[in-house]
There are 2 protein chains.
Amino acid sequence: MKLPTSPLQLVSHYFQRGYFPLNAQEAEALAAYCTRRQIKRRQLLLQTGEICRHVYFVVAGCLRLYAVDTGGKAHNLQFAVENEWLSDLASFYAEQPSGVFIEALESTSVLQISHDDLLDLFVRFHKFDRNFRILIERQYLQLQDRLLQSISTPAEARYRAFLAQYPHWAARLPNTQIAAYLGITPEFLSKIRRDQASAHRRQP
Amino acid sequence: MKLPTSPLQLVSHYFQRGYFPLNAQEAEALAAYCTRRQIKRRQLLLQTGEICRHVYFVVAGCLRLYAVDTGGKAHNLQFAVENEWLSDLASFYAEQPSGVFIEALESTSVLQISHDDLLDLFVRFHKFDRNFRILIERQYLQLQDRLLQSISTPAEARYRAFLAQYPHWAARLPNTQIAAYLGITPEFLSKIRRDQASAHRRQP
DNA sequence: CAGGACCCTTAACCTAGCTTAAGGAATAGC
DNA sequence: GCTATTCCTTAAGCTAGGTTAAGGGTCCTG
């Protein structure tokens, strides 16, 4: 049973590492529910007030999930590049209006699964239930860690932790986006980078 | 079908507001799985490194869930008073070592359900599955909101928001605990309170 | 090739919130 | 009811990080 195209192979291969791997039948069902979608740089996949109706799997490109505060400033909650899932899970599962935005930072190609189709998969194959619960657990943990870091760790250490934990994000994201993730201004991030560079030169 | 004691009635009544209410059979099953437990002030229900094996429902008293940073300072992630659930959900569901502590801030009486028993309830009654998923969704949302607030809102506004959103917590918690929740020092909270009081006197 | 739109950096100045230290008020626990 | 903690407050420095303004680099796009 061959899968139709390479992006669809990608999705099912995603669940190889750290999840319950799919068998041929499950992979096929997943592939059948996935829809391809192309998004231009700057285009929104979700806006505040809308109900988030899909989970997205990035085939190529880069997305960010962000919220806008009362002062109009954007704060990044999450990124997703190739081989990563993204959704506003709270809005998606509860079917309630979202408080965040999802935007393409580059020209991006995604596979999307709708809420109804995903529930269908959950009912037909228990494994998806488990895999997506692991997904939400991981996001929960990640969120808890970030909250702790943001109230207990200075920006310089947070930046170092970010580089260590998400090197693949750091490598391709503009510093303005990283700053909006760390909760600091681009100017201050620039200063941190300068200080780290000089500290590194002194102690190589 | 009468429930044996008043605390057990409490638990099933919890699901009346905003959840899927239980019928007599479900309430009885829930009651059958609940174990009563008494904790003294300062006593720990969970320590870092342990797997969190129970969800707790507070009958009387007050719990906090907190993490300790590398500098040894405690940061409160959540409180629970009468009629509220508390657990390290990430550790509980994934059955992985926890990174947080749960401690009684007062002499506290809880009902606890073990992981296995809860899964049993999930299988026997679909409604528990849904109710506990709503629970984790709400916690997820709450966590996301707090993260946003902590990186976008000054301490004074965060304190006001806390008072507005959790008046029942604010009324009984010492300010040291509230400060550790807001991510500020008790000294600075004291200053905020003084400033707010004088601003209020000027503009009643 | 020219002109925007981003993006990165620097520097001077400013402020929110931390640290330390200390005294007084309120509780917990015996 | 007494005593030891815990808790709250004040105040004087101090630091992390924000703000504003400006210059320069790079890459799309017409």
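In this text the structure is predicted, and so the values were computed from the model without any measurement. Convention: sequence-line order gives letters A, B, ...; per-chain numbering from 1.
- The list of side chain to side chain donor-acceptor pair (under 3.5 Å) pairs with a residue in residues 43-60 of chain A, not counting sequence neighbours, reads A/H54-A/Q112.
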Note to self: I need a per-nucleotide contact map over nucleotides 24-30 of chain D, read 5' to 3'. Cutoff is protein heavy atoms under 4.0 Å; write B for the base, S for backbone only, - otherwise.
What the structure shows: -------

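- At whole-Å resolution of the value, CD1 in A/I178 and P in C/dC7 are 12 Å apart.
- The CZ-P distance, from A/R158 to D/dG17, rounds to 7 Å in whole Å.
- Listed by residue number, there are no residues of residues 160-169 of chain B with a heavy-atom contact under 4.0 Å to DNA chain C.
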Considering only nitrogen or oxygen atoms on both sides, find all protein atoms under 3.5 Å from nucleotides 8-14 of chain C and state each distance.
residue	atom	partner	partner atom	Å
C/dC8	OP1	A/N175	N	2.9
C/dC8	OP2	A/N175	N	3.2
C/dC8	OP2	A/T176	N	3.2
C/dT9	OP2	A/S190	OG	3.4
C/dT9	OP2	A/R193	NE	3.4
C/dT9	O5'	A/S190	OG	3.3
C/dT10	OP2	A/R194	NE	2.8

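- Contact annotation: B/K73 side-chain N/O to C/dT19 OP1/OP2 distance is under 4.0 Å.
- Residue B/R41 places at least one side-chain N or O under 4.0 Å from the OP1 or OP2 atom of C/dG29.
- Among A/E103, A/Q78, A/Q177, the one residue that satisfies the side chain to side chain contact (heavy atoms under 4.5 Å, CB included) test with A/Y66 is A/E103.
- Residues B/R193 and B/Y159 bring a donor and an acceptor atom of their side chains to less than 3.5 Å of each other.
- With A/F122 as the aromatic partner, A/R133 does not meet the cation-pi criteria of under 6.0 angstrom to the ring centre and within 45 degrees of the ring axis.
- In this structure B/R158 satisfies the salt bridge (charged side-chain N to carboxylate O under 4.0 Å, His left out) test with no other residue, sequence neighbours excluded.
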Margin query: Determine whether B/Q139 and A/Y140 satisfy the following criterion, side chain to side chain contact (heavy atoms under 4.5 Å, CB included), listing intermediate values before the conclusion.
Written below: CA-CA 9 Å; B/Q139 293 226 166; A/Y140 190 84; 2.5 Å; yes

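- A salt bridge links A/E156 with A/R160: the distance from a Lys NZ or Arg NE/NH1/NH2 to an Asp or Glu carboxylate oxygen falls below 4.0 Å.
- Judged by the 6.0 Å and 45° rule, A/R146 forms a cation-pi pair with A/Y181.
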Margin query: Applying side chain to side chain contact (heavy atoms under 4.5 Å, CB included) to A/Q96 and B/L141, what does each step give before you reach the verdict?
Written below: CA-CA 11 Å; A/Q96 292 296 314; B/L141 244 188; over 6 Å; no

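- Note that NZ of B/K40 is 12.5 Å distant from OG1 of B/T108, once rounded to the nearest 0.5 Å.
- When the side-chain nitrogen and oxygen atoms of A/T185 are compared with OP1 and OP2 of D/dG18, one or more of them lie within a distance under 4.0 Å.
- A straight line from CD1 of B/I184 to C1' of D/dC8 spans 14 Å, rounded to a whole angstrom.
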Check: Would B/R36 and B/V59 count as a side chain to side chain contact (heavy atoms under 4.5 Å, CB included) if you check the C-alpha gap in whole Å, the side-chain angles of each, and the deciding distance to 0.1 Å?
Finding: CA-CA 9 Å; B/R36 190 97 183 241; B/V59 173; 4.2 Å; yes

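- Spacing between atom NZ of B/K40 and atom P of C/dT27 amounts to 23 Å, rounded to whole angstrom units.
- Following rounding to the nearest Å, B/I192 (CD1) and D/dC8 (C1') show an atom-to-atom distance of 14 Å.
- Residue A/Y159 contributes atom OH, which lies 15 Å from atom P of D/dG17 at whole-angstrom precision.
- Near DNA chain D, meaning a heavy atom under 4.0 Å from it, residues 150-157 of chain A has A/P154, A/A155 in order of number.
- Ring geometry for B/W169 versus B/Y166: interplanar angle under 30°, hence parallel rather than tilted (30 to 60°).
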Check: Would B/L147 and A/L77 satisfy side chain to side chain contact (heavy atoms under 4.5 Å, CB included), going step by step from the backbone distance to the final call?
Finding: CA-CA 9 Å; B/L147 177 61; A/L77 289 163; 3.7 Å; yes

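- For the pair B/R172 and B/F79, the minimum side-chain heavy-atom distance is 4.5 Å or more.
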